[in-house]
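First up is the structure itself, then whatever we jot down about it.
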Amino acid sequence: MHIDNSTVVLGIESSCDETAAAIVMGGNDVLSSVVSSQIDIHAKFGGVVPEVASRAHLELMQPVINEAIQLAGIGAERINAVATTIGPGLIGALLVGVSAGKAMAYGLDVPFIGVNHLEAHLYAALLEEPHLPFPAVVLLVSGGNTLLIHMTAPGEYSLLGATIDDAAGEAFDKIARFLDIGYPGGPAIDAAAQLGNPQSIEFPRAMLHDGLDFSFSGLKTSVINYVRKNPDVASHDIAASFQCAVVDVLVVKTLRAAQQVGAKSIVLGGGVAANSLLRSEMQRVGSGAGFHVALPSKAMCTDNAAMIASAGWYRLRDHGPSGLDIGAIPHLSLTGSTVRGNRGERK
Amino acid sequence: MKILGIDTSSEQVSVAVGDDVSISASFQLASDRRHVESLIPAIELLLRNIGISIHELSAIAVDLGPGLFTGMRVGITTALTLSDIAELPLIGLDSLQVLAHGIERVALQELDDAEIVVPILDARRNQVYWSMHRIDHALGGLLEEIREPRVGEIEELIEDLLDRSQRSVVLGTGAVKYAESLVEVPDLALLGERTGVQNFAFNPHLPHASTLVSLAAKKYAAGRIQGDPIAPIYLRAPDAEIQWLTR
Ligand SMILES: [Zn+2]
């Protein structure tokens with residue numbers, strides 16, 4: 001199959017609590033991108049409940065796919081390939097997307113491409129900035145991941161650092177729940193922090209001076225201990241100081257990574273990349289040090305299917321389609337997929 | 001008429017193509033819950049074997065559960081998507097009805113003197129899914145549903161059966177698992193207990209796509225498929241939902 005700028009890929013994403021579908025042409029021309037969020041459904045539980053998410057995905061999947069096709073202004077027969085997230089994510093949630101994606105590919109008689117969700121986040125910045133200067137260092141921060149990645153070209157990357165315990169987004173969620181300031185945790189902390197003083201409490205910056213790995217569980221514990229000892233301190237000040245500690249570490253380590261590998265660009269990705277302080281600090285510090293800083297729009301940072309379709313286009317072009325007997329892989333790692341693709345170097 | 005049947009509500013993946021008179025082809029995989037891996041390749045192989053494409057089908061039938069949640073969702077999502085693309089009507093049936101009607105396709109001693117058929121599927125956590133069907137001997141053993149699918153402890157089912165005091169045949173993974181408890185019900189026989197199950201082309205204690213196709217084909221032939229709700233039959237709320245409601 002010839003893959004070029006006119007190749008239309010349907011992307012499907014269902015790894016967590018967003019049911020999404022998108023139509024992307026030629027790898028980075030987004031014809032449509034539909035995201036149906038289940039935030040309201042999970043809000044009362046204070047977190048994503050896997051069985052509840054799986055049930056919602058089943059109800060939303062068909063309407064979301066059809067809306068994406070309709071908004072793209074094409075007929076289903078114009079779709080040349082179907083790309084779907086196969087992992088990492090919640091198994092029950094992934095299974096709905098993979099079932100729909102395979103059935104679409106089989107029914108339309110086009111190739112199916114199983115996509116690594118983490119890899120797809122790396123393509124999100126390219127969708128908005130196709131001429132991004134490489135090599136780049138990508139900070140991928142979400143509820144499930146905190147990764148520093150060295151990307152030398154689309155599809156060529158290696159891991160530089162990762163969290164050794166909690167993901168940054170996980171810390172945001174836990175602290176937001178502890179302070180009882182709203183759901184989901186990231187936006188709630190962000191909003192509360194706007195009203196607080198980030199210098200009011202000096203929380204620890206774990207492992208700030210060594211290496212490119214992260215640790216957030218100590219910070220989480222010290223916030224909880226601080227609040228127990230000082231119950232009268234305003235939650236805005238705690239949120240602001242906590243957020244400042246997380247962002248400090250993320251920015252310092254990203255800059256260190258970029259300098260170490262001689263990167264031209266710094267790229268943000270993942271749900272936490274929508275955090276306003278992280279965006280402004282990364283921009284300020286990164287540009288100050290002479291790097292091009294790519295901040296994808298918030299819609300492109302959070303989970304969406306345009307990035308899945310885009311990653312699918314590159315994967316199809318470089319490695320060909322997946323078999324229809326492929327399964328969902330809930331614990332798929334970023335490096336696991338590059339090794340199989342045989343193009344990334346593993347460190 | 002050619003109907004494709006998809007049944008992934010149990011540990012098994014089964015697919016079949018046929019009409020109201022006969023099944024052209026069917027097979028099942030003891031898939032060990034690898035539903036998403038096996039289903040599309042199974043459909044592909046089945047249709048290739050009988051030399052038709054999905055566009056030549058008249059309708060798609062799918063098992064809506066109750067059963068294994070993840071398995072059900074693989075089958076239902078696949079059926080919804082395929083029927084959408086190929087613009088085919090979709091017929092949904094519950095798993096207990098499919099299981100019960102599997103019995104119609106074999107002559108069994110157990111049936112001759114029984115009054116009701118009770119399909120029972122294991123729902124784990126000491127619970128079972130069950131429904132009840134009256135055998136119409138005048139019509140040659142046709143089944144008529146007299147109790148809708150429900151979920152409960154095995155003790156509730158036993159009470160239900162004792163209250164009824166009818167001669168019954170039970171079948172399904174739940175019937176096999178709780179055979180020792182069910183013995184206390186008089187006039188009750190486990191399917192295959194006396195005759196063995198060697199006469200079956202498939203495991204009679206699991207719902208199978210070939211029975212699903214026969215049932216769906218009858219509905220299709222009778223024109224009773226419009227507005228069929230195609231949604232999973234869970235019968236049980238997610239744990240988090242139950243905890244939230246009872247907090
Ligand atoms: Zn993500």
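Throughout, protein chains are lettered first and strands after them, A, B, ... in sequence-line order, and every chain is numbered starting at 1.
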Do B:Glu44 and A:Lys102 pass the salt bridge (Lys or Arg N to Asp or Glu O under 4.0 Å) test, and can you show the C-alpha distance, the side-chain angles, and the key distance before you say yes or no? CA-CA 11 Å; B:Glu44 201 174 22; A:Lys102 282 193 194 182; over 6 Å; no
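The part of B:Ile40 that comes within reach of chain A is its side chain, from C-beta onward, which places non-hydrogen atoms under 4.5 angstrom from that chain. If you measure heavy-atom distances from A:Asn66 to chain B, the contacts under 4.5 Å come from the side chain alone. Looking at B:Ile230, there are no atoms closer than 4.5 Å to chain A (heavy atoms on both sides), in backbone or side chain. Neither the backbone nor the side chain of A:Ala76 comes within contact range of chain B; no heavy atoms are under 4.5 Å apart.
Between the CG atom in A:Leu324 and the CD atom in B:Glu37 there is a gap of 12.0 Å [rounded to 0.5 Å]. With rounding to the nearest 0.5 angstrom, the CG atom of A:Asp109 is 9.0 Å from the CD1 atom of B:Ile54. Distance OH/A:Tyr106 to CG/B:Leu39: 10.5 Å, rounded to 0.5 Å. Distance check, rounded to the nearest 0.5 Å: CG of B:Asp84 to CE of A:Met61 gives 13.0 Å. Between the CZ atom in B:Arg73 and the OG atom in A:Ser54 there is a gap of 4.0 Å [rounded to 0.5 Å]. In this structure, A:Glu59 CD and B:Ile76 CD1 are separated by 11.0 Å, a value rounded to the nearest 0.5 Å.
Atom NE2 of A:His331 sits in a sparse spot, with 12 or fewer heavy atoms from other residues, nucleotides or ligands closer than 6.0 Å. Taking a 6.0 Å sphere around CD of B:Glu156, one finds it holds more than 12 heavy atoms contributed by other residues, nucleotides or ligands. The number of heavy atoms from other shown groups lying within 6.0 Å of CD (B:Glu56) is above 12.
Salt-bridge check for A:Glu51 with B:Arg236: failed, with every basic side-chain N at 4.0 Å or more from each acidic carboxylate O.
Comparing A:Val96, A:Val49, A:Ile65 by heavy-atom pairs within less than 4.5 Å of chain B, the highest count is held by A:Val96. Among A:Leu58, A:Val52, A:Ile91, the residue with the largest count of heavy-atom pairs under 4.5 Å with chain B is A:Leu58.
In terms of heavy-atom proximity, B:Thr78 sits nearest to A:Ala103 at O-CB, 3.9 Å.
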